[in-house]
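We count ligands from 1, going down the list as the structure has it; atoms in each ligand are counted the same way. Just so we're clear, the structure is a prediction, and the values are computed from it rather than from any experiment.
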Amino acid sequence: MIPAELIKKKRGGMELSETEIKTFVNGYVLGSVADYQMSAFLMAVYFRGMTKKETWSLTQAMLHSGTVVNFGDSTLRVDKHSTGGVGDKTSLIIAPIVAAAGIQVPMISGRGLGHTGGTLDKLESIPGFDVWLDLVKFQTQVKKLGACFIGQTKEICPADKKMYALRDVTGTVECIPLICASIMSKKLAEGIDGLVLDVKTGAGAFMKSKAAAQNLAKNLIEVGELGGKKVVALVTDMSQPLGNAIGNSLEVEECLETLSGRGPADLRELSIELSAHMILLGKKAKNILAARTLAKELLDTGAALTRFKEIVRAQNGNLDNLPKAKFVYEVLASRKGFVRAVQAEQIGIASLLLGAGRMRADDKIDHSAGIVVHKKVSDKVEKGEVIATLYYNTGDSLEKASQLVKEAVLISLQKVKRPRLIIKVMK
Ligand code: URA
């Protein structure tokens, strides 16, 4: 295989064979294909796209670049994956609900990306929490407690790890075949039987339009099915943050509230709905109504909270000492009316500026920094009322962050309808 010839073929819009894709990806992992050649290939795919067959070949090449977890028994295992959002913390709520329902959830998660948060960063805000268990310990905990949260170890899809880092800096992230292969290779490596996808759409999501999100969902489902997995996708709203808290330890606190049967209504609703679809895939309920009832029961009786605490303890975390920011700053409403928008991307960027996210891959996160929004779309607001609280330790970017938050919350005189949270369920 001559890398430049293969790149030219894709650049010309021709279909690559399974062998060509496999050889190219393996060459990249082993070092015979250079970063600049993979970058050119990714850009060619960005502009030319991939056929269903090519996307599947790429997924398989990435999947088999590393280990595929094999639990060695026929127990049903189900996971959830979100395409990423602001304040999206459902993994910490869902995994214990579904585990308490008797289904195993092997969860391999990622870090924050751009303005979006990542499950690993949220978990690492819990003092001591270890996200780097090896695959043997991972499997043991999944079998014992029903769930385990880890990061993408070096054995899992090394091709994706390398390619993703390159995509991040070459403007090739927002590309459906590349996103599909990246997400599905990692999920297929977990040893699952079923997957529930939360495909976000709106200003705070990578897929801004509903049509693009539905197209991504359709492609993800197709790849999952080619991999022999049952996949359900929920297309959900990310025009405003999910829940009220944005920022790592603030989000963990909100998860504890939600696991205690309280918490913001939208976060509770989405957590129940995603859990219900997982419970259905795990065959622990006859229909979606029964699955929803079971998910609510596990939340409201405290069973899911107990399971979450067990998981945290097993991974050496201590929930008694969540980090707290030294300073707070309140953003006030400049007029009275009804909230028309809480623009998720700006809120995500403001939180990142306060230290809750990374500007560069090697930046250190301030786990206690972030934002709590007190108003959501359609809420009534009085002039001078607190619409958001900013939590921070160094004031370097406070002015810029608070300005962004002020601009992100739009208020109108007319009453505004609450956006639909769950836009579509696709199978
Ligand atoms: N998340 C992933 O893991 N990969 C992508 O390409 C996009 C989001």
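- Looking at atom 5 (C) of ligand 1, its nearest protein heavy atom turns out to be Y164 CE1, 3.3 Å.
- For atom 4 (N) of ligand 1, the nearest non-hydrogen atom of the protein is S182 OG, 2.7 Å.
- The nearest non-hydrogen atom to atom 1 (N) of ligand 1, considering only T83, I183, T172, comes from I183.
- Under a cut-off of 6.0 angstrom, the local environment of CD in Q403 is crowded, with over 12 non-hydrogen atoms contributed by other residues, nucleotides or ligands.
- The protein atom (non-hydrogen) at minimum distance from atom 3 (O) of ligand 1 is K186 NZ, 2.5 Å.
- Side-chain contact annotation: T119 with D121, donor-acceptor N/O pair under 3.5 Å absent.
- A salt bridge between K186 and E190 is absent, with no side-chain N of the basic residue lying under 4.0 Å from a carboxylate O of the acidic one.
- Note on K187 versus D79: salt bridge recorded, some NZ/NE/NH1/NH2 to OD/OE distance being below 4.0 Å.
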